[in-house]
There are 4 protein chains.
Amino acid sequence: MLQSPRQRRKDARPQELLDAALDLFVEKGFAATRAEEVAARAGVSKGTLYLYYPSKEELLKAVIRQHLGSEIAAGAEDVARHEGSAAQLLSELIVQWWLAVVESPASGVFKLIITEVRNFPEIAEFYVREVVEPGQRLIGQVLRRGIAHGEFREVDVDATVFSLVLPMIMLCLHKHSLAACTITGPDAPCPPAAPPLEPENFIRHHFDLVLRGLLAQPRADHADAASAVPATRTSRAQS
Amino acid sequence: MLQSPRQRRKDARPQELLDAALDLFVEKGFAATRAEEVAARAGVSKGTLYLYYPSKEELLKAVIRQHLGSEIAAGAEDVARHEGSAAQLLSELIVQWWLAVVESPASGVFKLIITEVRNFPEIAEFYVREVVEPGQRLIGQVLRRGIAHGEFREVDVDATVFSLVLPMIMLCLHKHSLAACTITGPDAPCPPAAPPLEPENFIRHHFDLVLRGLLAQPRADHADAASAVPATRTSRAQS
Amino acid sequence: MLQSPRQRRKDARPQELLDAALDLFVEKGFAATRAEEVAARAGVSKGTLYLYYPSKEELLKAVIRQHLGSEIAAGAEDVARHEGSAAQLLSELIVQWWLAVVESPASGVFKLIITEVRNFPEIAEFYVREVVEPGQRLIGQVLRRGIAHGEFREVDVDATVFSLVLPMIMLCLHKHSLAACTITGPDAPCPPAAPPLEPENFIRHHFDLVLRGLLAQPRADHADAASAVPATRTSRAQS
Amino acid sequence: MLQSPRQRRKDARPQELLDAALDLFVEKGFAATRAEEVAARAGVSKGTLYLYYPSKEELLKAVIRQHLGSEIAAGAEDVARHEGSAAQLLSELIVQWWLAVVESPASGVFKLIITEVRNFPEIAEFYVREVVEPGQRLIGQVLRRGIAHGEFREVDVDATVFSLVLPMIMLCLHKHSLAACTITGPDAPCPPAAPPLEPENFIRHHFDLVLRGLLAQPRADHADAASAVPATRTSRAQS
DNA sequence: AATGAATGAGGGTTCATTCAT
DNA sequence: AATGAATGAACCCTCATTCAT
């Protein structure tokens, strides 16, 4: 039943390579990353990479495929049969789902896609089908439900989805570009690119702000529009 | 006073090269763009490029420097001594400035920065100093003024700046990645990456939404929060 | 006395590897053949090949050694003590020996040698010593005997050996190059590289032609100069 | 009118590269020749090769195309309207044409084709169309003419063409394989692979031998069957 | 003995950069 | 100033060979 160390390593290789590739592709871009670097970061030699992926380009697609299929779209549908106000449901969807994404390696995939779609148009179709459309549909449904119940104003649903979602995506990108350049500290060579705004704080604030703009019945100023959101498991440390 | 056509062409060279470089770097990424391609698109030979820029990397920095110094930050300060409500001022800042940016080639610079900062950290400092901080300070001031006057709720200023601004940046990136892959039309091989949401419609809707969340005195539902914004010169055709 | 199947397979390994190697080296050339392909065709794994031969180059030498020592030179000496006319003897030597060679895998060895001697000069010596010189000596003797008996004209013996032998070698090469590319049939994509001349027909015709040029007493036109040659076991099907 | 040295070099490059490639491909085989070696022998750097030929494989095809179109088939047709006996015509065709080929670099092309057709089947079609078929047709016509006039016996034309031609091809191959390995001299490390038979002597002897076998009216023994052939321009020195 | 995962030197090809014209 | 031929370092990928299992 026990596998040899050799076998165990072999089984883990593809994942190790994908992880290394994701890190490097996100950091330096696909074209600027050398296949040998990916191999080295995964702890293997150049040749070994090619035992598992037939080319650097296939490796890229595998990286994207893995994270789009599972991590990003995941967890969306299972909230769909939620009960309670549309605001609460929306909060769950937005805040919780996003907290899972920012802190996970999947956050880098957004940068990868933004960066590489034009060079690899196959990726576009995949991304739209797996992420953009399901996400838009899901959040759109919640908005429409809230509007139907008189909970939300009659807004342009698509535009509102964007107002909710785009800042989150943008913060993912930021995390892997400007924010990653910045060495925080008093004597950093590079000044802080942005106030070290906590992702969680920001997302709660952002959600509250947009929700207030969305509600048909404005709430009193002192009430936190997102207060219904339970304290979540905060940001697992990233590996 | 008049220069020969030859002279004129020569004077235009650096700009033509910068334009070509911006287009290509934004489309394919810095590493995946060949110096010869840039030269060819600018209508000169490979060697000529090196008469004007000592290396591909310097060309990249020149591209970014040009657009950060001038176009992106432009139009910000001149609205600063505006009179009227904070909402109106904010609307001018956000809506008008952004409409100018999104249709200009400068919109691609955001993608370029997101993509390349980690490879060229000097860019980070420059970008933060020239764009991030002034922008944040400017919008922050307007927000703080509105709060001081009781026009806005007491919000986290930095977070609110982000709520306002990040979707705009994100749409710039989108324009140069997914949106550029998509061939719109009924029988497009690639499904529309996103609803063909007009940038102007979106930004007005977004501003309205956030502004409602921001105002201390909620306005009646039928009023358009951004109604004070005059119809602007819409989108200059992109070169 | 009986060996287990396992044992039998094991004993057969070296031969199976040699056969596979011969096929592939002849088809694609030594440098263009991968060691793994050889192993795969022999039904073993890459590693196993190296249990039997220390390197690809040694495998090549073993292939050549095997066929030069045994198959090609074979059949030569045992005809040497033949009785009868020099013409009959020559016919036996040329026609029969060659028929055996052309249909055997050994025919490919000629291509291999032509192709690889310059990269592996050790092969040259071996080939000259094992094949060229014995063959030349043998046929030369028969020619000299015929000349001495007044049966043949007084020709340049070495040149005549070549006239007899070179076309045969050449047909071996042809068989493994152009002829192997050609898909015969009415609608072949590639036109027949040569008339599908039967090797046996050709060799008989060739021998007859040269023999007539060789004989001191020209024979009548209708007589077949090679008629003494008994009908041979025709061409075993190649494996 | 005078070109710059730069321009002159550029014009000569393709030919220099083809020459270098032919030498090396013939000597070591296509797969065993490194692109850089070809470039070095042509006196340029690795990169320069790729300015003229897009890949090593295209270089191979260019090498073959050049020599098949021009040197080999050339000079054949212009003898077709020859007057005199079929034997004389045949002698011209065979002896003269071949003397031109053996001593020219084109002789190596035969080895190249034998060696590489199976890896590059496009070459087969080209070779058959440009060399095999025209050659066979040409010599076949002469033979048929001789037969019709009663000058030759009624032989199998195709087989006879082969009897005449194959030894010549074979000597070309020999020249670039075994013969090239042999360092002639008393203390050669490698024994002479074959008697240093002069190509011209051999071809005259061979033609005489086959012609005698071909003639309907056998000639007296002392007459040289090929005596009509004028002393030819002997072998131009190879470049 | 047999396997096949792993290695890393090697070779094809690209491309930033130089420089003679 | 402008060109584009030439260079060679660098990168992707292959494959002969090794060795732990």
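Just the heavy atoms: all of them, side chains too, but no hydrogens, waters or symmetry mates, feed the values below.
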Look at the side chain of A/Lys46 against the base of E/dG10 and say whether a donor-acceptor pair falls under 3.5 Å; ignore hydrogens and angles.
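Per atom types, the contact qualifies.
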How about B/Ile123 and B/Leu60: do any of their side-chain heavy atoms sit closer than 4.5 Å?
yes
Given [options], identify the nucleotide with an atom nearest to the side chain of [X].
X       : options              : answer
D/Leu51 : F/dT7, E/dA6, F/dC12 : F/dT7
D/Ser45 : E/dT7, F/dG8, F/dA2  : F/dG8
C/Thr48 : E/dT3, F/dA5, E/dT13 : E/dT3

Take the protein atom [atom1] of [X] and the nucleotide atom [atom2] of [N], then report the distance between them rounded to whole Å.
X       : N      : atom1 : atom2 : value
A/Glu58 : F/dC12 : CD    : P     : 15 Å
A/Arg9  : E/dA5  : CZ    : C1'   : 10 Å
B/Glu57 : E/dC15 : CD    : C1'   : 16 Å
A/Leu59 : F/dC13 : CG    : P     : 10 Å
D/Lys10 : F/dG4  : NZ    : C1'   : 9 Å
C/Leu24 : F/dA16 : CG    : P     : 12 Å
D/Arg13 : F/dA5  : CZ    : C1'   : 8 Å
B/Tyr50 : F/dA5  : OH    : P     : 17 Å

Does a side-chain N-to-carboxylate-O contact under 4.0 Å join A/Glu16 and A/Arg41?
no
Locate the shortest heavy-atom distance separating D/Tyr50 from D/Ala35; write the atom from each residue and the value.
OH-CB, 3.7 Å
Give none if E/dA20 has no partner; otherwise give the nucleotide forming a Watson-Crick or G-U wobble pair with it, both distances under 3.5 Å.
F/dT3
Give none if E/dG12 has no partner; otherwise give the nucleotide forming a Watson-Crick or G-U wobble pair with it, both distances under 3.5 Å.
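Looking at the geometry, E/dG12 pairs with F/dC11.
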Pick the nucleotide of DNA chain E nearest each of D/Lys56 and B/Ala35; which residue has the one closer to the 5' end?
D/Lys56
For DNA chain E, whose closest nucleotide is more 5', that of B/Glu36 or that of D/Ala31?
D/Ala31
Would you mind classifying the nucleic acid contact of A/Tyr53 as base, sugar-phosphate or nothing, using non-hydrogen atoms under 4.0 angstrom?
nothing
Donor-acceptor contact present, side-chain D/Glu58 to main-chain D/Ser55, <3.5 Å
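The answer is no, because no donor-acceptor pair under 3.5 Å joins these two groups.
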Is a side-chain N or O of C/Lys111 found less than 3.5 angstrom from the main chain of C/Leu173, in a donor-acceptor match?
no
Toward the 5' end of DNA chain F, by each residue's nearest nucleotide, A/Ser55 or C/Ser55:
A/Ser55
5'-most contact on DNA chain F: D/Val44 or A/Thr33, nearest heavy atom basis?
D/Val44
